[in-house]
Amino acid sequence: MNVQALLNPQQQKVVTTTEGPLLVLAGAGSGKTRSIIYRTAYLISEKKVNPYNILIVTFTNKAADELKERLQKTFDLHIFSLWVGTFHSICVRILRRESDHLDFSSNFSIYDTADQKSLLKKIYKKLDIDAKKFSLEKVRSIISRQKSSLILPEDFFSFNPENFFTKQVHRIYRQYQSELKQNNALDFDDLLMFTALLLHKNKNIKKKYANQFKYIMIDEYQDTNYAQFKLINLLAESHQNLCVVGDDDQAIYSWRGATIQNILNFEKDYQNVKTIRLEKNYRSPKSVLSLANSLITKNSDRHTKELWTDKESALKPKLVKLSDERTEADFVFEKISELKKKEEIALNNFVILYRTNAQSRVLESRSLNHDINYQIIGGVNFYQRKEIKDILAYLKILVNPEDNESFLRIINSPRRGIGKVTQKRLLNFAENYRLSLFAALGKDELYDHLGNSAQKVKNFFRQILDWKKEAQELEITKFLEKLITELELLSLYDSDDPQDISRSENIKEFLGATREFSENYQQNNQEEPSLVHYIQNLALQTDIDNYDETENSVKLMTMHNAKGMEFDYVFIVGVEDNLIPHSRSLDEPKQLEEERRLLYVAITRAKKNVFMTYVQTRRVFDMITAAFPSRFLMEIDEELLETENGQYYENQVPRTPVRRKKSVVTENKKHFKIGQKIEHAKYGKGVILNVDGRGIDAKLTISFSGGKLKKIIGSFVKKI
């Protein structure tokens with residue numbers, strides 16, 4: 001394989017450096033996917049490594065599918081035995097194979113976020129937990145972090161302080177895991193945790209997979225959590241043939257447990273590490289990269305690197321000040337219309353990025369005024385829609401009859417006269433006999449407790465048994481068509497109501513997606529998929545995996561969801577304090593750095609140019625409030641941005657001081673700025689991390705040399 005003619009020198013090193021630990025620091029748009037594909041092909045065709053002995057972990061299912069497709073088309077390789085997929089999909093394969101060593105069976109259900117919340121609500125009611133005092137979302141997040149750190153309920157207080165709050169969280173966590181076990185279900189964090197713990201505790205299984213995966217490649221390593229680190233470390237520690245690819249400048253997922261330290265400490269975690277930097281960017285012009293580099297160099301937790309390119313452009317990134325969010329939206333759509341007409345390009349070449357989902361509302365509303373089609377990426381997942389969740393619940397029960405949550409969802413949907421009273425009697429019977437709800441239906445004595453509803457429940461039970469048999473006999477798409485017909489779902493939504501029309505279309509789309517999955521599975525695996533395979537695939541799908549870049553519409557998405565994508569023109573709206581950086585990050589230096597990385601990711605999506613906007617007032621929770629330009633803007637060299645409607649800041653606007661090239665504005669003879677060194681009579685010397693206000697009355701967030709973080713009024717410190 002002639003890699004010299006197809007890859008740059010650094011990419012060639014990535015491909016041919018196959019033995020021992022390798023850290024690939026791959027900047028945005030530097031061709032890392034190409035490098036991974038060629039490295040895999042090199043291992044198989046040149047090093048004669050069996051594909052079965054290669055493990056490749058990707059960030060999305062879509063990336064895994066693209067990698068396999070390109071390996072087959074470009075190199076004509078038969079990669080049916082190659083293990084490639086996301087962490088979650090790889091873990092599912094291992095857990096199903098090794099279920100004999102676990103406390104759940106191989107046909108376990110996978111609970112998504114909606115399933116988790118539904119189960120937690122029932123647990124709150126059972127344990128008499130006040131949701132106002134113990135936020136369900138906060139508790140769910142805490143449980144997720146415990147699992148990401150491989151902390152089971154029985155180990156909870158070995159790693160957490162014991163107080164009233166944590167005792168209640170522990171009660172919920174313990175009950176939550178118990179309920180999951182009863183339902184033969186795992187959530188997404190369980191998939192990682194139980195796989196890592198299985199390899200850690202069972203030396204034979206660890207040896208089995210370590211021997212199988214002789215070469216391991218991990219993409220987006222900067223976004224891994226502790227459980228993922230531990231899992232890979234266990235697999236690779238014997239042979240050390242581990243290649244991790246990532247970019248600490250794009251680490252943006254700490255809020256879901258990822259730790260940037262995994263990539264920063266890789267050279268300490270493994271011996272004799274070789275490090276290769278991919279810094280040549282093939283996506284963006286110099287003007288965009290200069291802007292991005294100017295911003296990201298302000299971070300301290302990073303490997304030194306700087307993107308460069310041969311791609312010239314006469315365009316300069318633009319910064320635009322607008323009055324409010326409505327004029328901001330109008331400006332964006334007017335500019336898109338102008339560029340679309342001028343360059344004769346389709347709408348799918350444009351993306352509008354924002355920090356929070358709430359910002360999309362005005363954009364959606366104003367798009368109608370400009371007659372521009374849009375598509376929200378990563379909003380409500382297609383598979384979270386009620387009509388789709390209902391169908392999936394039927395399929396889950398046919399695969400895993402112990403899944404009580406799915407059972408309760410379908411027992412009277414569509415309506416079959418099995419109401420709440422009957423369901424309560426069924427629940428009590430199942431609990432008394434320690435049975436799953438489905439197993440309870442097989443007990444004759446149950447029906448003595450159901451009164452007039454007994455026959456309806458019997459009919460439902462017989463129908464489930466019939467479907468269970470047919471699901472094993474029929475091809476998936478044919479069975480699904482039969483199920484939908486017998487449930488009369490399409491006729492259920494046969495009306496002129498726009499919501500019903502939408503639901504009917506979603507069901508038809510679901511059928512089409514099922515047919516596509518079945519065809520692709522047969523092509524890639526040379527066999528028909530089972531219902532277990534199908535349910536597993538659906539459980540791990542996201543809207544990002546199903547994103548169609550060819551659809552002719554402007555894409556709207558959060559900056560987080562834009563990771564890994566690229567567009568000709570990128571519009572970043574709301575470049576303001578409290579949005580980017582987010583209000584929760586202003587007083588936390590590490591979180592502030594992550595917010596800066598997030599803006600960096602947004603900027604580096606652009607193939608041609610970037611537009612950033614900020615407003616003077618913004619409506620927040622039905623209140624119009626003053627908005628302030630992001631503090632990140634003053635970190636960027638002014639020469640790198642073309643401004644419209646004035647300079648970066650007006651005198652009345654900023655809450656933080658402005659750093660200008662030639663002069664510094666002063667007030668009350670005492671002007672503070674971020675990064676300034678000060679001294680306090682009690683706490684000693686420190687550095688200013690944040691400034692709220694002006695002059696001696698400014699509220700300063702200061703990091704002192706002793707490690708303390710304090711908020712102090714400016715009049716109580718002196719500059720040094």
Side-chain angles (χ1 to χ4, degrees), residues 103 111-183 185-194 196-197 224-230 252-261 356-358 404-405 560 578 581-595 620-621 689-690 699 701-704 706-711:
D103 291 335
Y111 278 12
D112 59 23
T113 302
D115 297 325
Q116 286 181 277
K117 290 179 179 178
S118 175
L119 182 56
L120 282 171
K121 285 177 183 176
K122 291 173 184 174
I123 290 170
Y124 270 46
K125 187 175 182 179
K126 181 181 289 188
L127 299 180
D128 194 24
I129 301 289
D130 187 347
K132 293 181 180 178
K133 293 180 180 178
F134 297 87
S135 161
L136 189 147
E137 191 55 49
K138 183 175 182 179
V139 170
R140 191 178 72 86
S141 177
I142 291 172
I143 291 174
S144 175
R145 286 181 176 272
Q146 300 305 303
K147 294 184 179 186
S148 295
S149 300
L150 304 183
I151 300 172
L152 291 164
E154 54 264 37
D155 305 317
F156 186 84
F157 288 115
S158 298
F159 299 91
N160 295 280
E162 192 169 350
N163 53 48
F164 175 73
F165 180 81
T166 56
K167 284 180 180 178
Q168 295 302 315
V169 172
H170 177 244
R171 284 181 70 211
I172 298 168
Y173 183 18
R174 186 175 56 198
Q175 185 66 32
Y176 175 67
Q177 288 305 103
S178 175
E179 298 270 355
L180 285 175
K181 185 177 179 181
Q182 286 178 23
N183 290 341
L186 305 180
D187 63 26
F188 285 107
D189 295 307
D190 285 330
L191 299 177
L192 303 175
M193 178 176 73
F194 285 127
L197 291 176
T224 53
N225 59 30
Y226 176 73
Q228 291 163 327
F229 161 80
K230 188 66 176 177
I252 58 174
Y253 292 115
S254 68
W255 50 274
R256 66 183 190 194
T259 170
I260 192 174
Q261 296 306 315
T356 66
N357 281 307
N404 287 343
E405 294 301 304
H560 284 101
N578 293 321
H582 196 276
S583 57
R584 293 193 300 265
S585 307
L586 297 179
D587 297 326
E588 297 292 335
K590 288 189 179 298
Q591 291 184 20
L592 201 61
E593 288 212 348
E594 181 156 325
E595 292 290 299
V620 181
F621 302 123
L689 300 180
N690 185 46
K699 296 176 183 177
T701 302
I702 304 170
S703 174
F704 288 97
K708 292 183 177 179
L709 203 64
K710 294 288 181 180
K711 288 187 177 182

*Any salt bridge (charged side-chain N to carboxylate O under 4.0 Å, His left out) pairs touching residues 127-144, not counting sequence neighbours?*
K117-E137, E137-R140
*Under 3.5 Å, side chain of D155 to main-chain N/O of I151, donor-acceptor pair present?*
no
*Hey, are the side chains of L586 and P581 touching, using non-hydrogen atoms and a 4.5 Å cut-off?*
yes
*Between L150 and A196, which heavy-atom pair has the shortest distance, and what is it?*
CD2-CB, 4.0 Å
*side-chain hydrogen bond (donor to acceptor under 3.5 Å, both in side chains) partners of D112, counting only residues at least two apart*: Q384, K389
*How long is the span from the NE2 atom in H170 to the CD1 atom in I142, to the nearest 0.5 Å?*
13.0 Å
*Please check if the side chain of Q228 supplies one atom and the backbone of N225 the other of a donor-acceptor pair under 3.5 Å.*
yes
*Going by heavy atoms in the side chains, are S148 and D189 under 4.5 Å from each other?*
yes
*Only counting residues at least two apart or in another chain, list the ones meeting ring pair (Phe, Tyr, Trp, His ring centres under 6.0 Å) with Y111.*
none
Output side-chain donor-acceptor pairs under 3.5 Å for residues 162-169, partner residues at least two apart or in another chain, one line each.
unit_1: N163; atom_1: OD1; unit_2: F165; atom_2: N; d: 3.1
unit_1: N163; atom_1: OD1; unit_2: T166; atom_2: N; d: 2.8
unit_1: N163; atom_1: OD1; unit_2: T166; atom_2: OG1; d: 3.1
unit_1: T166; atom_1: OG1; unit_2: P161; atom_2: O; d: 2.7
unit_1: T166; atom_1: OG1; unit_2: N163; atom_2: N; d: 2.8
unit_1: T166; atom_1: OG1; unit_2: N163; atom_2: O; d: 3.1
unit_1: Q168; atom_1: OE1; unit_2: R171; atom_2: NH1; d: 2.9

*CD/E594 to CD1/I252 distance, rounded to the nearest 0.5 angstrom?*
7.5 Å
*With K590, which residues qualify under salt bridge (charged side-chain N to carboxylate O under 4.0 Å, His left out), at least two apart?*
D301
*Determine, step by step, whether W255 and H560 satisfy the side-chain contact (heavy atoms from CB on, under 4.5 Å) criterion, reporting the C-alpha distance in whole Å, the side-chain angles of both residues, the deciding distance to 0.1 Å, and the verdict.*
CA-CA 11 Å; W255 50 274; H560 284 101; 3.2 Å; yes
*asked:* Could you work out, with side-chain hydrogen bond (donor to acceptor under 3.5 Å, both in side chains) as the rule, every residue matching T259, not counting sequence neighbours?
replied: none
*Atom OH in Y176, atom CG in L127: separation rounded to 0.5 Å?*
14.0 Å
_Pairing residues for Q175 by the side-chain hydrogen bond (donor to acceptor under 3.5 Å, both in side chains) criterion, not counting sequence neighbours_ = E179
*asked:* Run the salt bridge (charged side-chain N to carboxylate O under 4.0 Å, His left out) test against D190 and tell me which residues pass, sequence neighbours left out.
replied: K147
*Drop me the distance from Q146's CD to S141's OG, to the nearest 0.5 angstrom.*
10.0 Å
_Closest contact, heavy atoms only, Y124 versus L136_ = OH-CA, 3.4 Å
*State, yes or no, whether a side-chain contact exists between Q261 and F229 at a heavy-atom distance under 4.5 Å.*
no
_Holding to side-chain hydrogen bond (donor to acceptor under 3.5 Å, both in side chains), I want the full list of residues that pass it with E595, two or more places apart in sequence or in another chain._
R355
_Flag side-chain contact, heavy atom, 4.5 Å: D187 against L180_ = yes
*Do M193 and L152 come close enough that some side-chain heavy atom pair is under 4.5 Å?*
yes
*Residues two or more places apart in sequence or in another chain: which of them pass side-chain contact (heavy atoms from CB on, under 4.5 Å) with N404?*
N183, S436, L437
*Non-hydrogen side-chain atoms of S118 and E405 separated by less than 4.5 Å*: yes
*Just how far is it from atom CG of L119 to atom CD of Q182, taken to the nearest 0.5 Å?*
9.5 Å
*Apply salt bridge (charged side-chain N to carboxylate O under 4.0 Å, His left out) to D587 and list each qualifying residue two or more places apart in sequence or on a separate chain.*
K711
*For F188, which residues count as a ring pair (Phe, Tyr, Trp, His ring centres under 6.0 Å) partner, sequence neighbours excluded?*
H88
_Any side-chain to backbone donor/acceptor pair from S149 onto R145? Under 3.5 Å, distance only._
yes
*Calculate, to the nearest 0.5 Å, the distance between atoms NZ and CD belonging to K121 and Q116 respectively.*
12.5 Å
